[in-house]
Amino acid sequence: MDIKRDLTVKTASLLADEVLKYIDKNPEENLIKVINFAEKLMGKVFPAKNFDKIRDGARDKDNVYRKLFLDLLADIDRNVIKTMLMAMGVEAGVFGTKTVRENREKYDCNIPWIILFDPTSACNLKCKGCWAAEYGNHLNLSNDDMQSIVSQGKALGTHFYMLTGGEPLIRKKDILELAKNNQDCAFLIYTNATLIDEDFCEQMNKVGNITLALSIEGTPESNDARRGEGAYAKTMDAMRLLKEKKCLFGISVCYTSKNLEYVTSDEFLDEMVKMGVRYAFYFNYMPIGHTADKELIPTPMQRKFMYSWLRRVRNGKTGKPMFIMDFQDDGEFVGGCIAGGRNYFHINAKGDIEPCVFIHYSDSNIYEHTLLEALKRPLFTAFLKGQPFNDNHLRPCPMLENPDKLRKIVKETGAKSTDLIVEEDVETLCSKCDDFASKWKVVAEELWNSTSHPVTHTQYWRDRHPDEKS
């Protein structure tokens, strides 16, 4: 860390302490001052109009995000708020974003803002349609492996890490150590919630830079039909404990053709808010692995519903006091596919470096290549040059919505299947997506052409290299 950066971090830390003390005296009246503080830290990274919108919402007592912010201040452990503010706001938001952008230019390749990795392939559940359920319990990234991933990532500018699996909390002692040793990073853990106990909650708050995304899918019936009997009750018990201990947590929802009705109901969302959930990540079911059921892919009409539903529940006036995003239907806000290192990539428990957590092909491994080397190898370069895979960002994915794109990439780069049980050739995978892609194309084109969309200011490979063809 250079002297100027070190001084900035220390100054921001001291200011954060003072601001939090100040706002505790009267949160509602001093809310704007916190936003002004955030703008002072990150104003050169993000447009001023973003902060103007946030201020407008904070002044509106009926705005759901005002309620969310005040709930966070009232209900989340102070060390967590402070540590996350520093890790996500200063390290990732300010310095990380700047370094990522510089390295994209320097190396002329994708550089991620987020890295996902699997500490273990082990899981104590066997959820229907989950590829990890088939993987067994024999693969783990060592503590040194995980630290190497984070160290290499930080050198590139990446300060945000998501841990998937398997069930990551099988390695919770090692994860706590990793978080403690990297206080300049934030760690989000996707978990089935069955291994959360009082001691882990206390340790999580002590390190301060860990948040959990609990898997849940609607009602007890719709949840347990996929996750096993009693899973819903265990998740709700974990939420009660997390809320009692003032932990920061959200939910992870895989929506399918069978459960979409339940996971989008007002009753479900209201119950989640009541339980202390602060954010929700929604994932479209992907037909990955030899046991996948393509009938679980949401229909085109269900996807169209998700598009409008998402905008309603995220609206400051009509929404819910939690932050909700859908990685498939939010493509228009991020310029399409974010995989292949454009904003993130994934490393499995065997060390294979994959372009996406849902695309199990690779031409590099952490035991043979550095992360930067992987980003410059043929597979990731093909993603870089192919993005966006569709100018209609409601069809962002090279697999689900544009399966011919993935076929071409895998065949031309020679990437190998990384499925840990049964290798899945790209034709077998993509054939499960062809029918949906064809039908969704018609609906998505009509939807795209009949609605307005944000300008993302994204610079793709084709913009930087207009004379070169992908």
Side-chain angles (χ1 to χ4, degrees), residues 1 5 8-9 12-13 16-17 20 34 37-38 41-42 45-46 68-69 72-73 75-100 111-119 141 146-165 168-169 171-172 174-191 196 200-201 203-214 242 245-252 277-281 322-323 325 327 334 338 343-347 357 371:
M1 183 181 292
R5 176 169 175 169
T8 301
V9 170
S13 179
D17 286 331
L20 287 172
V34 176
F37 170 67
L41 283 177
M42 296 180 281
V45 179
F46 303 107
L68 172 59
F69 194 90
L72 285 166
L73 288 171
D75 299 336
I76 304 302
D77 181 88
R78 271 292 169 272
N79 185 55
V80 174
I81 293 178
K82 161 71 181 300
T83 308
M84 280 295 190
L85 179 63
M86 294 300 299
M88 288 296 291
V90 179
E91 299 290 359
V94 179
F95 294 116
T97 299
K98 181 173 181 288
T99 305
V100 163
I111 301 292
W113 200 73
I114 304 170
I115 294 175
L116 277 68
F117 64 87
D118 302 348
L141 296 177
M146 292 192 290
Q147 182 57 60
S148 177
I149 290 168
V150 174
S151 295
Q152 289 183 65
K154 286 195 287 187
L156 295 173
T158 309
H159 289 262
F160 189 17
Y161 296 85
M162 293 182 173
L163 279 58
T164 55
L169 292 188
R171 300 280 305 282
K172 57 188 174 183
D174 298 329
I175 291 170
L176 286 166
E177 180 181 339
L178 183 69
K180 180 181 178 181
N181 292 338
N182 296 277
Q183 289 282 285
D184 54 347
C185 298
F187 296 87
L188 185 150
I189 304 170
Y190 292 99
T191 175
I196 296 169
F200 180 71
C201 291
Q203 292 299 316
M204 192 171 83
N205 284 350
K206 187 175 181 180
V207 296
N209 55 343
I210 294 176
T211 179
L212 306 179
L214 281 59
L242 289 164
K245 293 296 182 180
K246 293 182 156 304
C247 297
L248 176 63
F249 69 97
I251 54 174
S252 170
V277 171
R278 306 305 176 193
Y279 59 86
F281 294 155
M322 71 166 78
F323 177 72
M325 66 182 296
F327 286 84
V334 292
I338 62 172
N343 274 313
Y344 96 100
F345 63 79
H346 175 248
I347 301 170
V357 70
L371 301 188

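Just so we're clear, the structure is a prediction, and the values are computed from it rather than from any experiment.
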Quiz item: Could you go step by step and tell me if Phe117 and Leu163 meet the side-chain contact (heavy atoms from CB on, under 4.5 Å) rule?
Solution: CA-CA 5 Å; Phe117 64 87; Leu163 279 58; 3.7 Å; yes

Nearest heavy-atom neighbours spanning [X] and [Y]:
X      : Y      : answer
Gln147 : Asn181 : OE1-CB, 4.2 Å
Ala92  : Trp113 : O-NE1, 3.3 Å
Ala87  : Ala186 : CB-N, 3.9 Å

Quiz item: Partners of Asp77 by salt bridge (charged side-chain N to carboxylate O under 4.0 Å, His left out), sequence neighbours excluded?
Solution: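 Asp77: no salt bridge (charged side-chain N to carboxylate O under 4.0 Å, His left out) contacts found.
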
Practice problem: Take the angle between the ring planes of Tyr190 and Phe281 and call it parallel below 30°, perpendicular above 60°, tilted in between. | Solution: tilted

From [X] atom [atom1] to [Y] atom [atom2], the distance as rounded to the nearest 0.5 Å:
X      : Y      : atom1 : atom2 : result
Ile189 : Leu169 : CD1   : CG    : 5.5 Å
Ile81  : Lys246 : CD1   : NZ    : 8.5 Å
Ile175 : Met146 : CD1   : CE    : 6.5 Å
Asn209 : Tyr161 : CG    : OH    : 12.0 Å
Leu248 : Thr211 : CG    : OG1   : 3.5 Å
Ile149 : Ile347 : CD1   : CD1   : 4.0 Å

Residue pair [X] / [Y], side-chain heavy-atom distance below 4.5 Å:
X      : Y      : result
Tyr344 : Thr158 : no
His159 : Thr99  : no
Val9   : Met86  : yes
Val357 : Met162 : no

Exercise. Please list, chain by chain and in numerical order, all residues satisfying ring pair (Phe, Tyr, Trp, His ring centres under 6.0 Å) with Phe69, sequence neighbours excluded.
Key: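 None.
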
Quiz prompt | salt bridge (charged side-chain N to carboxylate O under 4.0 Å, His left out) assessment of Glu91 paired with Arg5 | solution = CA-CA 10 Å; Glu91 299 290 359; Arg5 176 169 175 169; 2.7 Å; yes

Exercise. Check the pair Val150, Cys185 against side-chain contact (heavy atoms from CB on, under 4.5 Å), reporting the backbone distance first and the verdict last.
Key: CA-CA 9 Å; Val150 174; Cys185 298; 4.0 Å; yes

Quiz item: Using a distance-only test with no angle check, is there a side-chain donor-acceptor pair under 3.5 angstrom linking Ser13 and Lys82?
Solution: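 Distance-only check passes for Ser13 and Lys82.
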
Exercise. Could you walk me through whether His346 and Asp118 pass side chain to side chain donor-acceptor pair (under 3.5 Å), step by step?
Key: CA-CA 8 Å; His346 175 248; Asp118 302 348; 2.8 Å; yes

Quiz prompt | Check against side-chain contact (heavy atoms from CB on, under 4.5 Å), Leu214 and Val277 | solution = CA-CA 9 Å; Leu214 281 59; Val277 171; over 6 Å; no

Quiz item: How far apart are the C-alpha atoms of Phe249 and Ile196, what are their side-chain angles, what is the distance that settles it, and do they pass the side-chain contact (heavy atoms from CB on, under 4.5 Å) test?
Solution: CA-CA 12 Å; Phe249 69 97; Ile196 296 169; over 6 Å; no

